[in-house]
Amino acid sequence: MAGAANEGSTKRTEIALVLQGGGALGAYEWGAILALFDLMDQAAAAGRDLTLRIVTGVSIGAINAACIVGASDRSDARARLGALWNDFMIKAPAFVPTAVSSNVALFEVPHFYRFSPGWNFTYLYETRELLTTLSEHVDFAALNNSKTAFVVTAADVTSGQLTWFANQKIRKIERRRIEPKHVLASSSLAPQFPATQIGDGADAPCYWDGGLIDNTPFGAAIDALDPDPNVGKLLVVMNLFPLRVKRMPGSYTEVTERVDQLRFGNRLRQDASTATQFNKLIAAIWRLAALVPELPPDLRALMADYKIVEPIEITLAPEDSFEDPYGFRDFSQQGIEERRDRGRAIARDTLKKFLPEKIAA
């Protein structure tokens, strides 16, 4: 796989970035995004055409994605991500144990949510403050006009359908003007958070977190990439949930953590396996097509919809252990900063295997 990337190092390459949901685990993504940007800067300095074509996300991944696409450039995106996560951090004096400060999130996370059960007890936390936070840290005018596609997902509560909110038309996904409420809808994890209504009138649809249906939305990411076979295509997936653990969970907290890992992480392995099989099938079809003197126009147009994409899975959360038992909700300053630094190191080491040595050195 790395060889394929090196062979195509002189041609234009598009990157599709996929960001999972996972609460405070999204700080791993923050660090990994910084590592990706560092390598893209090195690529630009080395004269390589490496472009971020699309960013898709769900839940905290949607929030991170909005900071990336809703920025003027990579430097601005770094600053916006830093300011956003600084707002989310629960800061406490040094003498306060991390276990204590991490549990503050059971009541509130600054600029995100606060404990305030609805009168009919359909949710536990109020999330309207996130709308203000998003407006402060995301340039939505830039996001809606960006050449980088932005796609986030949410689950329609009544129809059960996965809904896509995109700043560009991508195949069957229609463009719409993205506002803070679309990002909030993708982050409305039930039953903790209330559904987010989008549209006017009592019958306007209400949405929950898209991760309830699919926590790794990379269908649109692949669709947005250039079908030209001479253009390199990298699908970079930030994985927040380890597949394996060394032992059985030994507490109620570890049980719930393991359930989340299985619920939100396993779909990625299924989709990645399917994508690999499709790559092999598409390559075989293109080789057979080369033997045919002249393909019918409709068949050639159909083939243009399918492309070979090189997947790069970056597993960010600790593997083979329960090293981060409160990771989903730990917004303590120490926890966030440690995940950022770990995510940056892991992503840097992983990406070096796929990018040319002259860029990733």
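No experiment lies behind these values; they were computed from the predicted model shown. No hydrogens, no waters, no symmetry mates; every other heavy atom, side chains included, goes into these values.
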Which is it for F165 and R176 under the side-chain contact (heavy atoms from CB on, under 4.5 Å) test, yes or no, and what are the steps along the way? CA-CA 7 Å; F165 303 129; R176 70 171 77 199; 3.4 Å; yes
Return yes when atom CG of D203 has more than 12 non-hydrogen atoms of other residues, nucleotides or ligands closer than 6.0 Å, and no otherwise. no
Nearest heavy-atom neighbours spanning D330 and A24: O-CB, 3.2 Å
From CA spacing to verdict: side-chain contact (heavy atoms from CB on, under 4.5 Å), R339, E29: CA-CA 8 Å; R339 291 186 197 93; E29 291 179 337; over 6 Å; no
Any donor-acceptor pair under 3.5 Å linking the side chain of S186 with the backbone of H182? no
Are S146 and N144 linked by a side-chain donor-acceptor pair shorter than 3.5 Å? no
Say you draw a straight line from CZ of R74 to CG of L81; how long is it, rounded to the nearest 0.5 Å? 13.5 Å
With rounding to the nearest 0.5 Å, note down the distance linking CE in M238 to CD in E313. 11.5 Å
So D209 and F193, do their side chains get closer than 4.5 Å, heavy atoms only? no
Here the pair of heavy atoms bringing A149 nearest to I170 is CB-CD1, 3.9 Å
Same hydrophobic cluster for I198 and Y123, using side-chain heavy-atom links shorter than 4.5 Å among ILVMFWY? no
Are V58 and V237 linked, directly or through other ILVMFWY residues, by side chains that come within less than 4.5 angstrom of each other? no
Establish whether I60 and I336 are linked, either directly or via other cluster members, by ILVMFWY side-chain heavy-atom contacts under 4.5 Å. yes
Working for side-chain contact (heavy atoms from CB on, under 4.5 Å), residues V151 and V55: CA-CA 6 Å; V151 182; V55 185; over 6 Å; no
CG of N239 to OG1 of T350: how many Å apart, nearest 0.5 Å? 11.0 Å
Sole residue of L134, L131, T196 in side-chain contact (heavy atoms from CB on, under 4.5 Å) with V183: L134
Is there a continuous path of hydrophobic side-chain contacts, each under 4.5 Å between heavy atoms, that joins L130 to L84? yes
Are more than 12 heavy atoms, taken from residues, nucleotides or ligands other than R175, located less than 6.0 Å from that residue's CZ atom? yes
Under a 4.0 Å threshold between the charged nitrogen and the carboxylate oxygen, would E14 count as salt-bridged to R12? yes
When you check the side-chain N and O atoms of D156 and T158, is any donor under 3.5 Å from an acceptor? yes
P217 and W164 have their tightest heavy-atom pair at CB-CZ3, 3.9 Å
Would you mind reporting whether L36 and L34 have side-chain heavy atoms less than 4.5 Å apart? no
Roughly how far, to the nearest 0.5 Å, is the CD atom of Q333 from the CZ atom of F88? 15.0 Å
Parallel, tilted or perpendicular: which fits the ring planes of F107 and F115, with parallel below 30° and perpendicular above 60°? perpendicular
How many angstroms lie between CG in L52 and CD1 in I68, if you round to the nearest 0.5 Å? 7.0 Å
Between L189 and L212, is there a side-chain heavy-atom distance shorter than 4.5 Å? yes
Verify side-chain contact (heavy atoms from CB on, under 4.5 Å) between I33 and N64, making sure each step is shown before the conclusion. CA-CA 9 Å; I33 292 162; N64 284 334; 4.2 Å; yes
Are the side chains of I346 and I314 in touch, meaning some heavy atoms are under 4.5 Å apart? yes
Check ion pair D349-R344 (N to O, under 4.0 angstrom): no
Do S188 and Y207 come within less than 4.5 Å of each other through their side chains, counting heavy atoms only? no
Taken to the nearest 0.5 Å, the spacing of I178 CD1 from F140 CZ works out to 8.5 Å
Could you tell me whether the side chain of F331 reaches within less than 4.5 Å of the side chain of M89, counting heavy atoms only? no
Ion pair present between K233 and D226, side-chain N to carboxylate O less than 4.0 angstrom? no
Heavy atoms, side chains only, cut-off 4.5 Å: are D223 and K172 in contact? no
Of all the heavy-atom pairs spanning S59 and S187, show the shortest one and how long it is. O-OG, 3.2 Å
So, for L240 and Q20, which heavy atoms are closest and what is the spacing to 0.1 Å? N-OE1, 2.7 Å
Side-chain heavy-atom pair I312, K353 within 4.5 angstrom cut-off: no
Take atom CG in D73; do more than 12 heavy atoms of anything else shown fall under 6.0 Å from it? yes
For M248 and E254, the nearest pair of non-hydrogen atoms, with its separation, is O-OE1, 4.5 Å
